[in-house]
There are 2 protein chains.
Amino acid sequence: MIRLLIADDQALVRGAIAALLGLEPDIEVVAEVGRGDEVLAAALESRADVALLDVDMPGLDGIAAAAEVRAAAPACRVLMVTTFGRPGYLRRALQAGAGGFVVKDTPARQLADAVRRIHRGLRVVDPALAAETLTSGESPLTGRETDVLRAASHGGTVASIAQATFLSEGTVRNYLSSAMGKTGARTRAEAVRAAEDNGWLL
Amino acid sequence: MIRLLIADDQALVRGAIAALLGLEPDIEVVAEVGRGDEVLAAALESRADVALLDVDMPGLDGIAAAAEVRAAAPACRVLMVTTFGRPGYLRRALQAGAGGFVVKDTPARQLADAVRRIHRGLRVVDPALAAETLTSGESPLTGRETDVLRAASHGGTVASIAQATFLSEGTVRNYLSSAMGKTGARTRAEAVRAAEDNGWLL
DNA sequence: GCACCGCGATGACATTTGTCATGCCCGATA
DNA sequence: TATCGGGCATGACAAATGTCATCGCGGTGC
């Protein structure tokens with residue numbers, strides 16, 4: 001019997017996945033949570049064998065939650081599930097100790113198999129996403145560039161970004177410019193979008 | 001027996017919801033599709049009583065699909081499901097003939113009840129979202145303002161927006177400026193975000 | 001008919017943004 | 001140690017963006 005923990009912020013999806021996997025004879029759903037910062041406690045208390053974690057969650061994102069689980073409950077393996085197949089997500093999830101990574105538009109019947117593979121210690125990675133990750137490479141953005149771009153992602157002015165990052169306005173413009181160069185964007189908004197699509201802002 | 005059609009672009013979610021509702025004794029899932037432009041044909045062919053439609057789908061968005069279904073298969077009632085509780089979505093969904101509207105973070109067990117209510121011709125609307133919709137009001141944006149803002153939502157320059165909308169650059173700047181005024185935004189990107197959050201760009 | 005309103009357009013203007021040359025600091029390397 | 005390179009920071013300058021006043025056109029409604 002595989003003891004499974006499910007973490008997803010959308011209650012409907014969480015419950016539906018629980019119902020789907022609950023139909024499997026060898027899987028038992030022992031915990032369901034809707035926030036990243038509740039994952040670890042639930043994993044410990046329920047003694048789950050496998051944790052199915054969504055990347056986008058309030059409180060703590062799924063990748064950080066995966067790292068927590070791997071550190072404090074090494075017996076519990078992690079399978080990440082996400083809506084967005086972003087190269088950077090896959091890379092960081094695996095670095096955080098996740099055993100697998102699937103996107104939400106994979107066929108439903110494959111999910112149970114993925115859980116079983118993870119439980120046996122095997123790796124499960126979407127092949128297309130893996131290829132994309134390998135070709136896209138790691139983030140070319142430097143630390144401050146990432147900070148500034150993340151601050152810019154809400155759409156504010158340079159002045160507000162400068163305040164948020166404790167930098168001079170000129171410096172902010174500089175980092176934005178350099179980030180735009182590296183992403184091939186002609187606009188700040190394009191750069192933000194490109195970086196988000198690659199998962200470089202986490 | 002309620003004959004149910006499920007439309008959602010994420011195969012995993014679609015399958016999981018099918019599994020969840022398939023457990024109900026009085027519900028039978030008779031069709032599953034992953035694109036908006038496949039909804040109508042599937043509804044007709046499967047003679048579904050209720051269509052469960054996600055808003056975000058490729059091909060044709062769920063609201064347009066709902067209008068199609070109501071026009072060509074009036075016997076099939078529509079329940080919209082969405083990730084984002086945007087005021088404008090609810091308004092337009094109901095105008096398109098949907099009988100109900102639920103967000104994906106409602107508890108899973110309520111979904112079956114919602115389907116039954118819809119089947120009986122009742123209305124199902126998330127109360128919090130309804131309140132937000134009523135207070136936020138209809139879109140204050142004029143047609144062209146919406147067009148320009150939508151074209152701007154990808155982050156391009158004024159020149160590219162002008163090309164895409166067949167307008168002069170000055171005119172584009174004017175519409176952007178006026179949209180920014182109406183949304184209370186200080187930046188084009190902020191205006192885009194505000195309009196998206198309200199569902200005004202659909 | 002006439003006022004009104006949304007749409008499309010223009011040009012001038014002040015601000016904001018993006019680009020560039022430059023300098024500092026620190027760690028790596030010859 | 002001397003030098004090099006990369007990340008970090010700044011200010012000046014050019015280009016783009018946002019703002020404003022104004023105009024003509026075509027419907028709508030009184």
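So you know, we letter chains A, B, ... as the sequences are listed, proteins then strands, and number each from 1. No hydrogens, no waters, no symmetry mates; every other heavy atom, side chains included, goes into these values. Worth saying up front: this structure is predicted, and the values here are computed from it rather than measured.
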Interatomic distance, [X] [atom1] vs [N] [atom2] [rounded to whole Å]:
| X | N | atom1 | atom2 | answer |
| --- | --- | --- | --- | --- |
| B:R188 | D:dT19 | CZ | P | 11 Å |
| B:R186 | C:dT17 | CZ | P | 10 Å |
| B:D147 | C:dG8 | CG | C1' | 13 Å |
| A:I161 | D:dA9 | CD1 | C1' | 16 Å |
| A:E169 | C:dT15 | CD | C1' | 11 Å |
| A:F166 | D:dC8 | CZ | C1' | 17 Å |
| B:L167 | C:dG8 | CG | P | 6 Å |

Spacing of [atom1] belonging to [X] relative to [atom2] belonging to [Y], to within rounding of 0.5 Å:
| X | Y | atom1 | atom2 | value |
| --- | --- | --- | --- | --- |
| A:F101 | A:I118 | CZ | CD1 | 12.0 Å |
| B:L4 | B:I2 | CG | CD1 | 8.0 Å |
| A:R193 | A:L201 | CZ | CG | 12.0 Å |

- Item | Short side-chain to backbone donor-acceptor contact, B:N198 and B:W200, under 3.5 Å | no
- Item | B:R14 bridged to B:D9 by N-O distance under 4.0 Å |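 No.
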- Using heavy atoms and a sub-4.0 Å distance, could you list which residues of residues 174-184 of chain B are near DNA chain C? By number, please. B:N174, B:Y175
- Message: Using a 3.5 Å limit on both distances, find every run of at least three consecutive Watson-Crick or G-U pairs that involves DNA chain D.
- Response: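 Stems for DNA chain D, defined as runs of 3 or more consecutive pairs: C:1-30 with D:1-30.
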- Item | Below 4.0 Å: OP1/OP2 of D:dA16 and any side-chain N or O of B:T157 |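 B:T157 to D:dA16 OP1/OP2: no side-chain N or O under 4.0 Å.
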- Taking only N and O in the side chain of A:R173, is any of them less than 4.0 Å away from OP1 or OP2 of C:dT19? no
- Task: Report the residue (B:T187 or B:E145) whose heavy-atom-nearest nucleotide on DNA chain C is the more 5′ of the two.
- Result: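 That would be B:E145.
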- Message: A quick test of your reading: do over 12 heavy atoms of other residues, nucleotides or ligands sit less than 6.0 Å from CZ of A:R35?
- Response: yes
- B:R186 atom CZ, over 12 foreign heavy atoms within 6.0 Å: no
- Task: Scan A:T142 against the nucleic acid and name what it touches under 4.0 Å (heavy atoms): base, sugar-phosphate only, or nothing.
- Result: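 It contacts sugar-phosphate atoms only.
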- Task: Identify whether any heavy atom of A:S168 sits under 4.0 Å from a base atom; if not, whether one sits that close to sugar-phosphate; answer base, sugar-phosphate or nothing.
- Result: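 Sugar-phosphate: the residue A:S168, judged by heavy atoms under 4.0 Å, touches backbone atoms but no base.
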Report all side-chain donor-acceptor pairs from residues 105-113 of chain A shorter than 3.5 Å, counting only partners two or more places apart or in another chain.
{"residue": "A:T106", "atom": "OG1", "partner": "A:V103", "partner atom": "O", "Å": "2.9"}
{"residue": "A:D113", "atom": "OD1", "partner": "A:R116", "partner atom": "NH1", "Å": "3.1"}

- Task: Test side-chain contact (heavy atoms from CB on, under 4.5 Å) on A:Y175 and A:T146 and set out the steps.
- Result: CA-CA 9 Å; A:Y175 283 131; A:T146 307; over 6 Å; no
